[in-house]
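Right, one structure below, let's go through it.
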Amino acid sequence: MTQSTCSTPRLSPLNGKPVLLGFDGADMSSDAGLTLLREIERKAGLAQRLADCLRDPRDPAKVQHSLCDIIRFRIMMIAAGYEDGNDATALRHDPSFRIALERGPETGPALCSQPTISRMENLPDTRALIRMGREMIRFYCQSFAHVPRQIVLDIDDTFDAVHGHQQLRLFNAFYDEYGFQPIVVFDGEGRLVVTLLRPARRPNGAESAAHIRRLIREIRKHWPKTEILLRADSHYCTPKVLDLCDTLGLRYVFGLSKNRRLAENISTLETSTAARYVRTPGQKLRRFKTFSCAARSWSKPRRVIARVEVGPMGRDTRYVVTNLEGGRGKYLYEKIYSARGQAENHIKAWKAHLASDRTSCSKANANQMRLMLHGCAYWIWWKLRAACPKRSP
């Protein structure tokens, strides 16, 4: 027997406030935070930007979910912590996700299914992905309220293990696994500029120079007069990259691998630093030396900064090369070069919180598309974080 009641139990108030009890609850969701992410995505329009780079081969009369809606749903899933496309089976009915895609939480139609998402990820060809990469750089430039006088770009790569027979996979002896090693570029404030899928090996000089040249060319289309400072680890410090920076008028601070000629310039400093530490043991002792070096493969002499450190764990010497004029070696190393370590934290967050290494598609283009989608999810979170009050606890 079905019986409906119009009254609810009367409960004692709590602290002067009524306690309401009802049995007519609607659909529930544990992702109410998507309402905030929805506001960010609506203003940024990231899903529409990517959709505009694709050609939809479907019959318009039979389309139920636009490419923009499919991409937006996938980005929202990643941003909410659902990196697996199979989660769409349940989330397509979730009221919070329906609201995020401008649909009624109860009466709106269901969102797209997992097979539809998979077809979208496999849709872009190489030219479409190039257009998306350019669009992401354009979005990065438009994220500034004013044209900056200077930007800092941190270039790095990260290992991405795979467990199948994906295109571009390669065995990396250092990690003892098959995988990819995409190049990722962040700016000094944590904005994601671009990401590129590639095999699991360190890029050589010609490859690094080609990627940097294309990146700078796209940025210069929007900011022809902005000064650009590049920071990277030692394996990006190749003669071709250094010459390219000089040709394009870029400033740089790169790590520099150790060698015998560099060691000859600081042997006296290392000896005196070790002797001084012996006299006053305890905390680490750090000293710097700046000198000019002309490697045989370099086209001209360049400024090198050596950092000698002696502590309880022994002696540690590092080098950087730069074309920055002025400034003490200590400042350039500790304040300029060492700050690139923050980019490594951004990469870790991108992988740990947004699962950007979920590149399990068989085709390389589909995995590059996934990097784009995870990059958009990172942007939404970055914009939300940037909008928070700076002094708020």
Side-chain angles (χ1 to χ4, degrees), residues 27 29 31 34-35 37-80 82-140 142-143 166-167 194-195 197 218 358-380 383:
D27 294 335
S29 174
D31 297 297
L34 282 170
T35 55
L37 301 184
R38 167 178 170 265
E39 298 298 325
I40 301 295
E41 203 287 326
R42 287 185 67 184
K43 293 181 179 179
L46 284 166
Q48 188 63 58
R49 288 172 179 264
L50 294 188
D52 290 342
C53 297
L54 295 172
R55 184 183 64 84
D56 194 345
R58 300 174 296 175
D59 183 355
K62 299 180 180 179
V63 171
Q64 297 183 14
H65 309 282
S66 67
L67 285 178
C68 181
D69 283 347
I70 300 171
I71 293 173
R72 182 179 290 115
F73 184 28
R74 188 72 173 102
I75 292 173
M76 289 296 181
M77 286 174 59
I78 296 170
Y82 302 97
E83 72 274 8
D84 196 335
N86 290 333
D87 293 322
T89 303
L91 298 178
R92 63 194 301 248
H93 304 288
D94 188 282
S96 289
F97 280 93
R98 288 186 180 183
I99 293 174
L101 269 77
E102 313 298 331
R103 304 189 182 190
E106 296 181 357
T107 59
L111 305 179
C112 63
S113 61
Q114 180 271 329
T116 303
I117 290 178
S118 295
R119 286 191 289 270
M120 176 274 295
E121 292 177 341
N122 285 271
L123 179 60
D125 57 10
T126 303
R127 291 187 176 183
L129 292 171
I130 292 174
R131 290 194 295 270
M132 288 183 184
R134 291 172 177 170
E135 188 61 32
M136 292 299 291
I137 295 175
R138 187 164 79 98
F139 175 77
Y140 163 73
Q142 293 177 346
S143 67
Q166 290 94 330
Q167 293 178 349
V194 70
T195 177
L197 188 75
E218 291 301 318
R358 188 74 170 196
T359 46
S360 55
C361 295
S362 60
K363 294 183 179 179
N365 283 351
N367 285 321
Q368 176 64 55
M369 180 63 183
R370 284 196 173 186
L371 288 181
M372 296 286 187
L373 296 170
H374 286 267
C376 290
Y378 175 91
W379 260 109
I380 293 175
K383 280 187 164 292

Kindly write out the residues that satisfy side chain to side chain contact (heavy atoms under 4.5 Å, CB included) with R119, not counting sequence neighbours, or none if the list is empty.
-> P115, T116
Step by step, would you call I99 with L34 a side-chain contact (heavy atoms from CB on, under 4.5 Å)?
-> CA-CA 8 Å; I99 293 174; L34 282 170; over 6 Å; no
With sequence neighbours left out, the residues meeting salt bridge (charged side-chain N to carboxylate O under 4.0 Å, His left out) with R92 are none
Name all residues meeting the side-chain hydrogen bond (donor to acceptor under 3.5 Å, both in side chains) criterion together with T35; count only those two or more places apart in sequence or in a different chain, and write none if there are none.
-> none
Is E41 reaching over with its side chain to a backbone N or O of A47, donor-acceptor style, under 3.5 angstrom?
-> yes
Contacts of type side-chain hydrogen bond (donor to acceptor under 3.5 Å, both in side chains), residue Q114, not counting sequence neighbours | S118
Tell me the side chain to side chain donor-acceptor pair (under 3.5 Å) pairs involving residues 361-374, sequence neighbours left out?
-> E121-R370, S360-R370
Just jot down the side-chain hydrogen bond (donor to acceptor under 3.5 Å, both in side chains) partners of R49, sequence neighbours excluded, or say none.
-> E135, Q142
Who passes side-chain hydrogen bond (donor to acceptor under 3.5 Å, both in side chains) against N122, sequence neighbours left out?
-> none
Quick one: side chain to side chain contact (heavy atoms under 4.5 Å, CB included) partners of A100, sequence neighbours excluded?
-> R38, M76
May I ask you to decide if V63's main-chain N or O and R58's side chain share a donor-acceptor pair within less than 3.5 Å?
-> no
Would you be so kind as to tabulate the donor-acceptor pairs closer than 3.5 Å made by side chains of residues 83-91, with sequence neighbours excluded?
{"from": "D84", "atom 1": "OD1", "to": "N86", "atom 2": "N", "distance (Å)": "3.1"}
{"from": "D84", "atom 1": "OD2", "to": "R358", "atom 2": "NH2", "distance (Å)": "2.9"}
{"from": "T89", "atom 1": "OG1", "to": "N86", "atom 2": "O", "distance (Å)": "3.2"}

Side chain to side chain contact (heavy atoms under 4.5 Å, CB included) against P60, all qualifying residues, sequence neighbours excluded | none
Set of side chain to side chain contact (heavy atoms under 4.5 Å, CB included) partners for R103, sequence neighbours left out | H65, D69, R98, P109, L111
Got a sec, which residues hit ring pair (Phe, Tyr, Trp, His ring centres under 6.0 Å) with F139, two or more places apart in sequence or on another chain?
-> W379
